[in-house]
Amino acid sequence: MLFDFEDGTFANWTVMGSAWGNTPTRKEVAGQGLVRRFGGRHFATSMHGGDTLTGTLISASFTIDADTIRMRLGGGADDGGLRVELRIDGRAVRTATPPAPPSERFTDVSWSVADVIGQTATIALVDESQQPWGHLNVDEIWIGPGR
């Protein structure tokens, strides 16, 4: 497990904007449908305050030591306004968006990162959307082979 939200805090994350709230959540927030298929007890959602709020969470730095990064994503589909980025030297080298159609059900998404093994990176959870369904749900970011 690279990152999860099971401690109920954003202790290993830098929070920018207000969309992500003050802590991960245990269940859907006001205005959100039933969230399904998250792992454990907590997940991150940018639905705090509704779809119009924006913000970014940036993880602590880590060394890429395996060829795959996997995560669970849900939420809206907003032409790139909602995304997860793998950043090296502050530049996005991989991007993932919630699968279409929009859904509160988490879906597994993965990146092949064999070409950047050994480099230091961060994960950015980005919500720049103010559209209906303009929120991102993220949980369980893993590094290593598929399970």
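Side-chain N or O atoms of R72 include one that pairs as donor or acceptor with a backbone N or O of R37 at under 3.5 Å. A donor-acceptor pair under 3.5 Å is absent between the side-chain atoms of T63 and the main chain of D65, judged by distance alone. For W20 (side chain) and G55 (main-chain N/O), a donor-acceptor pair under 3.5 Å exists by modelled atom type. A donor-acceptor pair under 3.5 Å links the side-chain atoms of R94 to the main chain of S112, judged by distance alone. For the pair D51 (side chain) and G134 (backbone), a donor-acceptor distance under 3.5 Å is present.
Atom CD in Q119 sits 9.5 Å away from atom CG in L86 (nearest 0.5 Å). Separating the OG1 atom in T107 from the CG atom in L73 is a distance of 8.0 Å, to the nearest 0.5 Å. To the nearest 0.5 Å, atom CG of residue L57 and atom OG1 of residue T122 are 11.5 Å apart. Separation of atoms OG (S59) and CZ (R87) is listed at 9.5 Å; rounding is to 0.5 Å. Note that the CD atom of E140 and the CZ atom of F3 stand 14.0 Å from one another [nearest 0.5 Å]. Atom CG of L82 sits about 11.0 Å away from atom CG of L125, to the nearest 0.5 Å.
No path of Ile, Leu, Val, Met, Phe, Trp and Tyr side chains, each step under 4.5 Å between heavy atoms, connects M71 with W142, placing them in separate hydrophobic clusters. Linking ILVMFWY side-chain heavy atoms closer than 4.5 Å, directly or via other members, places I117 and I69 in a single hydrophobic cluster. In the hydrophobic clustering of this structure, I58 does not group with V93; members are Ile, Leu, Val, Met, Phe, Trp, Tyr whose side-chain heavy atoms approach within less than 4.5 Å, directly or through other members.
Residues passing the side-chain contact (heavy atoms from CB on, under 4.5 Å) test with T97, sequence neighbours excluded: R83. Residues passing the salt bridge (charged side-chain N to carboxylate O under 4.0 Å, His left out) test with E28, sequence neighbours excluded: none. Looking at residues two or more places apart in sequence or on another chain, you find no side chain to side chain donor-acceptor pair (under 3.5 Å) involving D4. For the side-chain contact (heavy atoms from CB on, under 4.5 Å) test, residues two or more places apart in sequence or in another chain that qualify with S103 are R36, R105. With sequence neighbours left out, the side-chain contact (heavy atoms from CB on, under 4.5 Å) criterion links V29 to T25, Q32, T45, M47, H48. Applying the side-chain contact (heavy atoms from CB on, under 4.5 Å) rule to A60 yields the partners N12; only residues at least two apart in sequence or on another chain are considered.
I64 pairs with exactly one of I88, L2, T120, D115 by the side-chain contact (heavy atoms from CB on, under 4.5 Å) rule, that one being I88.
Annotation for S46 and D127: closest pair OG-OD2, 2.6 Å, computed over non-hydrogen atoms. Among all heavy-atom pairs drawn from G75 and N137, the shortest one is N-ND2, 3.7 Å. In terms of heavy atoms, A44 sits closest to F10 at CB-CE2, 4.2 Å. Minimum interatomic distance between T54 and S129 (heavy atoms only, all atoms of both residues): CG2-O, 3.7 Å. Taking each heavy atom of F5 and V138 in turn, the nearest pair found is CE1-O, 3.6 Å. When all heavy atoms are compared, the tightest approach of G144 to R70 is O-NH1, 3.0 Å.
D7 and T9 share a side-chain donor-acceptor pair at under 3.5 Å.
Counting heavy atoms from C-beta on, the side chains of V84 and W111 come closer than 4.5 Å. Side-chain contact between P98 and L136: present, with at least one pair of heavy atoms (C-beta onward) separated by less than 4.5 Å. When side chains are defined from C-beta on, F106 counts as touching V35, because their heavy atoms get closer than 4.5 Å. For the pair E104/H135, a side-chain contact is recorded, criterion being any heavy-atom separation below 4.5 Å from C-beta on.
Ring orientation note: the planes of F38 and F43 are tilted relative to one another, at an angle of 30° to 60°.
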- Task: Take I123 and F62 through the side chain to side chain contact (heavy atoms under 4.5 Å, CB included) test and state the conclusion after the steps.
- Result: CA-CA 9 Å; I123 301 277; F62 63 95; 3.7 Å; yes
